[in-house]
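Everything quoted here is computed from the prediction, not taken from an experiment.
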Amino acid sequence: MKLLYFAWLRQRIGIPGEEITLPDDVGTAGELLEWLRGRGDSYAEALADPAIVRIAVNQSYAQPGDPVCDNDEVALFPPVTGG
């Protein structure tokens with residue numbers, strides 16, 4: 001799976017993206033966020049409040065219950081604001 005981090009999530013995690021192998025017990029976007037939080041302090045801090053993290057799977061907005069798989073590109077980003 002290709003993971004991409006944007007804006008302050010990228011800054012807090014410390015990398016713009018990475019390739020991972022999805023664990024067998026991770027099958028949804030929400031489970032992915034929970035698994036990522038367990039990967040270390042930077043992930044835990046960046047993803048502490050999943051309600052403010054937006055998820056896109058293969059460039060389409062996703063909900064926590066949406067499925068993910070190893071071939072997906074998943075982007076994590078804060079809410080988009082504008083004026």
Side-chain angles (χ1 to χ4, degrees):
M1 169 180 286
K2 182 175 184 178
L3 290 172
L4 301 171
Y5 308 111
F6 292 95
W8 54 260
L9 289 172
R10 175 180 14 198
Q11 294 170 339
R12 291 181 185 171
I13 291 172
I15 54 176
E18 60 186 316
E19 295 277 342
I20 65 163
T21 299
L22 203 59
D24 290 339
D25 60 342
V26 175
T28 67
E31 291 170 344
L32 175 63
L33 288 182
E34 186 173 329
W35 178 77
L36 286 169
R37 281 194 297 272
R39 294 182 75 202
D41 291 343
S42 61
Y43 291 92
E45 178 186 341
L47 305 170
D49 186 357
I52 61 171
V53 176
R54 299 294 180 253
I55 305 166
V57 177
N58 300 322
Q59 301 183 5
S60 294
Y61 284 108
Q63 299 297 314
D66 289 345
V68 293
C69 68
D70 262 330
N71 296 327
D72 288 335
E73 176 188 89
V74 175
L76 303 178
F77 50 93
V80 177
T81 60

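Under the 4.5 Å side-chain heavy-atom criterion for grouping Ile, Leu, Val, Met, Phe, Trp and Tyr, Ile20 is not connected to Phe6 through any hydrophobic cluster. Residues Val74 and Leu22 share a hydrophobic cluster, clusters being chains of Ile/Leu/Val/Met/Phe/Trp/Tyr side chains in contact below 4.5 Å. Cluster membership check: Met1 shares its hydrophobic cluster with Leu47, using side-chain heavy-atom separations under 4.5 Å among Ile, Leu, Val, Met, Phe, Trp and Tyr. Residues Val57 and Trp35 are members of one and the same hydrophobic cluster, defined by side-chain heavy-atom contacts under 4.5 angstrom among Ile, Leu, Val, Met, Phe, Trp and Tyr. Leu4 and Ile52 are not part of a single hydrophobic cluster, where members link through side-chain heavy atoms under 4.5 Å apart.
The 12-atom threshold is exceeded at CD of Glu19, counting heavy atoms of other residues, nucleotides or ligands nearer than 6.0 Å. Applying the 6.0 Å contact sphere to CG of Asp49 captures more than 12 heavy atoms from other residues, nucleotides or ligands.
Distance check: Leu9 CG to Leu36 CG gives 10.5 Å after rounding to the nearest 0.5 Å. The CZ atom of Arg54 sits 12.0 Å away from the CG atom of Leu76 when rounded to the nearest 0.5 Å. One finds the CD atom of Glu45 at 10.0 Å from the CD1 atom of Ile13 (value rounded to the nearest 0.5 Å).
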Exercise. Apply side chain to side chain contact (heavy atoms under 4.5 Å, CB included) to the pair Leu3 and Leu32, showing each step before the final yes or no.
Key: CA-CA 10 Å; Leu3 290 172; Leu32 175 63; 3.9 Å; yes

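No side-chain heavy atom of Arg37 sits under 4.5 Å from any side-chain heavy atom of Tyr43. With a 4.5 Å cut-off on side-chain heavy atoms, Thr28 and Pro67 do not count as touching.
Between the side chains of Glu18 and Tyr5, at least one donor N or O lies within less than 3.5 Å of an accepting N or O.
The shortest non-hydrogen separation linking Ser42 to Arg12 is CB-O, 3.3 Å. The nearest pair of heavy atoms linking Ala46 to Trp8 is O-CZ3, 3.5 Å.
For Asn58 (side chain) and Asp72 (main-chain N/O), no donor-acceptor pair under 3.5 Å exists by modelled atom type. A donor-acceptor contact shorter than 3.5 Å links the side chain of Glu31 to the backbone of Gly27.
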